[in-house]
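FYI, side chains are in, hydrogens and waters are out, and symmetry mates aren't considered; it's all heavy atoms of this structure.
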Amino acid sequence: MIITIITFIIIFGILVLVHEFGHYYFAKRAGILVREFSIGMGPKIWWKQSGGTTYTIRILPLGGYVRLAGADDEDEDELRPGTPVTIQLNDQDQVTNINASQKTTLFQGIPLQIVDSDLVNDLWIKGYVNGDENDLKVYNVAHDALITEHDGTVVQIAPKDVQFNSASLPARMMTNFAGPMNNFILSLVVFIILGFLLSGGVPVNSNKVGHVNANSVAARAGLVSGDRIKQVNNTKIKDWTDLSTAISSHPGKKITVTYEHQGKQHTTTMVPKTVKQSDQKVGQIGILEETDKSFSARLNFGWQRFVQAGTLIFSVLGHMFTHGFSLNDFGGPVAIYAGTSQATSLGFTGVLNFLALLSINLGIVNLLPIPALDGGKLLLNIIEAIIRRPIPEKAEGIVTMIGFFLLLVLMILVTWNDIQRYFIR
């Protein structure tokens, strides 16, 4: 159980970290201020401010997030009238640090009771020094000033020019798409790594016999490595998938096999051995498929697995939309934990395969045109491109909040359903 928990945390962390790094990297390139890049959730246990971004490690080692100025932290900097803060000034009497937290103190800070402020457009702050209503002052705020938020997190303020909506539309679209894109890249890379971890080479989906086990049913029938199986009973065999299906469906039953050996065609009969797999009886004759150890074959193996995984996910989603869906069609953290347990039992390659499948799944699901998901944000970007004007921030915020609420409800229902499926029933 401990190994499963550790593996689950690592897999979940990698998936979210890779996803969020995509948003982080392309936001930085577009000139969008990334105010915070967090590893983990909950209360912070370590932080460092560098290059305008506050990097934090938080106590719950599950996932992480990025805060893009003007996109993920609306109203975070609002200093309401009456709020007590302390400020620090530079040599030009500009505010360089605002402390709105009671958890920390500023060295030689000036106590100020907020009357009004603008940390987005004109960059100023007005208040009573030491709470004295006869001493009202207005201070200019430096463009890169820091603010200590109520929970003690130190981030840079977010002036209008570095906010998300100030970037060009293509840059915003790329920033929104970058998270899922990184998940696709991770999935493809891991599938390729799996191809290189196959010491015997990657399987070739052909009708050619790669290896015949000694004293097996196939060996006793005269088959050797290099033979091509053309037909099983009346079924034509084009590739290994056809061959595997034809043989496994005849456990303990006599079959007629037509094969090609050194350019000549032969026919033989054999009775596949009955083997139990996943509570089902299947037939086996003791042969292994052809493999290829070349560099290009291993790359192609990774690509094919990537395409197959994506095709499967799209087909499942299509079936859900055309035939309806139930909560059993979804899986949350509990389902991922259950899958991690099964993958761990298969060893390192099993964990890698599970990681690759989850990553492409996360990328595709995040591109669905649902508000609060990256796909929903891209849909709003496309609408903006069509109407050729920005969507009102208030309308966009309302749509996003509705989507987030619906996703939260769905996640709660899915999690409870997963608990029932895997641990109660």
Side-chain angles (χ1 to χ4, degrees), residues 23-24 27-28 30-38 44 47-56 65-133 135-168 171-172 175 390-394 396-398 400-401:
H23 295 311
Y24 165 86
K28 284 276 193 178
I32 300 167
L33 173 64
V34 181
R35 305 186 71 196
E36 182 182 2
F37 190 125
S38 175
K44 66 181 182 301
W47 68 274
K48 179 178 177 61
Q49 218 277 339
S50 177
T53 301
T54 300
Y55 301 90
T56 56
Y65 60 86
V66 295
R67 284 171 56 187
L68 305 182
D72 301 316
D73 56 4
E74 287 83 353
D75 298 326
E76 287 288 343
D77 287 347
E78 183 180 351
L79 297 176
R80 294 176 175 82
T83 302
V85 301
T86 53
I87 60 175
Q88 281 183 336
L89 307 178
N90 60 16
D91 294 338
Q92 290 77 43
D93 286 334
Q94 289 181 318
V95 177
T96 57
N97 209 326
I98 304 169
N99 181 15
S101 172
Q102 302 301 316
K103 298 181 178 181
T104 61
T105 58
L106 287 180
F107 178 68
Q108 294 183 340
I110 301 173
L112 196 72
Q113 183 177 332
I114 298 298
V115 171
D116 200 1
S117 65
D118 181 355
L119 302 182
V120 174
N121 296 302
D122 297 326
L123 305 184
W124 53 264
I125 187 171
K126 180 193 298 185
Y128 299 120
V129 176
N130 290 311
D132 184 357
E133 296 186 3
D135 192 6
L136 178 64
K137 288 191 176 182
V138 179
Y139 296 95
N140 291 325
V141 179
H143 183 275
D144 298 334
L146 302 177
I147 180 169
T148 305
E149 297 174 325
H150 297 291
D151 67 349
T153 301
V154 179
V155 295
Q156 188 171 306
I157 65 171
K160 189 69 175 179
D161 63 302
V162 295
Q163 289 194 4
F164 181 79
N165 286 330
S166 295
S168 67
R172 282 181 280 136
T175 300
I391 298 174
E393 291 185 12
K394 186 174 182 180
E396 184 176 346
I398 292 174
T400 300
M401 285 301 297

Could you measure the distance from the [atom1] atom of [X] to the [atom2] atom of [Y]? Nearest 0.5 Å is fine.
{"X": "Lys48", "Y": "Thr56", "atom1": "NZ", "atom2": "OG1", "value": "13.5 Å"}
{"X": "Tyr128", "Y": "Ile114", "atom1": "OH", "atom2": "CD1", "value": "11.5 Å"}
{"X": "His23", "Y": "Arg67", "atom1": "NE2", "atom2": "CZ", "value": "15.5 Å"}
{"X": "Gln49", "Y": "Tyr55", "atom1": "CD", "atom2": "OH", "value": "9.0 Å"}
{"X": "Lys137", "Y": "Asp132", "atom1": "NZ", "atom2": "CG", "value": "10.5 Å"}
{"X": "Thr53", "Y": "Leu33", "atom1": "OG1", "atom2": "CG", "value": "6.0 Å"}

Tell me which one of Val155, Ile157, Val154 satisfies side chain to side chain contact (heavy atoms under 4.5 Å, CB included) with Leu146.
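Answer after filtering Val155, Ile157, Val154: Val154.
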
Next on the checklist: With side chain to side chain contact (heavy atoms under 4.5 Å, CB included) as the criterion, how do Asn130 and Asp135 come out once you've worked through the C-alpha distance, each side chain's angles and the decisive distance to 0.1 Å?
Outcome noted: CA-CA 8 Å; Asn130 290 311; Asp135 192 6; 5.8 Å; no

For [X] versus [Y], what's the shortest heavy-atom pair and its separation?
{"X": "Ala27", "Y": "Leu68", "value": "CB-CD2, 3.7 Å"}
{"X": "Val66", "Y": "Tyr24", "value": "CG1-CB, 4.0 Å"}
{"X": "Leu119", "Y": "Trp124", "value": "CD2-O, 4.2 Å"}
{"X": "Asp93", "Y": "Tyr139", "value": "O-CD2, 4.3 Å"}
{"X": "Thr96", "Y": "Ala142", "value": "CG2-CB, 4.5 Å"}
{"X": "His150", "Y": "Ser101", "value": "O-OG, 3.4 Å"}

Would you check, one step at a time, whether the test side chain to side chain contact (heavy atoms under 4.5 Å, CB included) holds for Leu89 with Ile87? CA-CA 7 Å; Leu89 307 178; Ile87 60 175; 4.2 Å; yes

Taking side chain as C-beta onward, heavy atoms only, is His143 less than 4.5 Å from Asp161?
->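 A side-chain contact exists here, since the closest heavy-atom pair is under 4.5 Å.
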
Just by modelled atom types, is the [Y] backbone N or O under 3.5 Å from a matching donor or acceptor in the [X] side chain?
{"X": "Arg172", "Y": "Ala167", "value": "yes"}
{"X": "Ser166", "Y": "Lys160", "value": "yes"}
{"X": "Gln163", "Y": "Ala158", "value": "yes"}

Would Leu112 and Val129 count as a side chain to side chain contact (heavy atoms under 4.5 Å, CB included) here? Give the steps.
CA-CA 5 Å; Leu112 196 72; Val129 176; 3.9 Å; yes

- Message: Take a 6.0 Å sphere around NZ of Lys44 and say whether it holds more than 12 heavy atoms from other residues, nucleotides or ligands.
- Response: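 Atom NZ in Lys44 is crowded, with more than 12 foreign heavy atoms closer than 6.0 Å.
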
Walk me through whether Thr153 and Thr148 qualify under side chain to side chain contact (heavy atoms under 4.5 Å, CB included). CA-CA 6 Å; Thr153 301; Thr148 305; over 6 Å; no

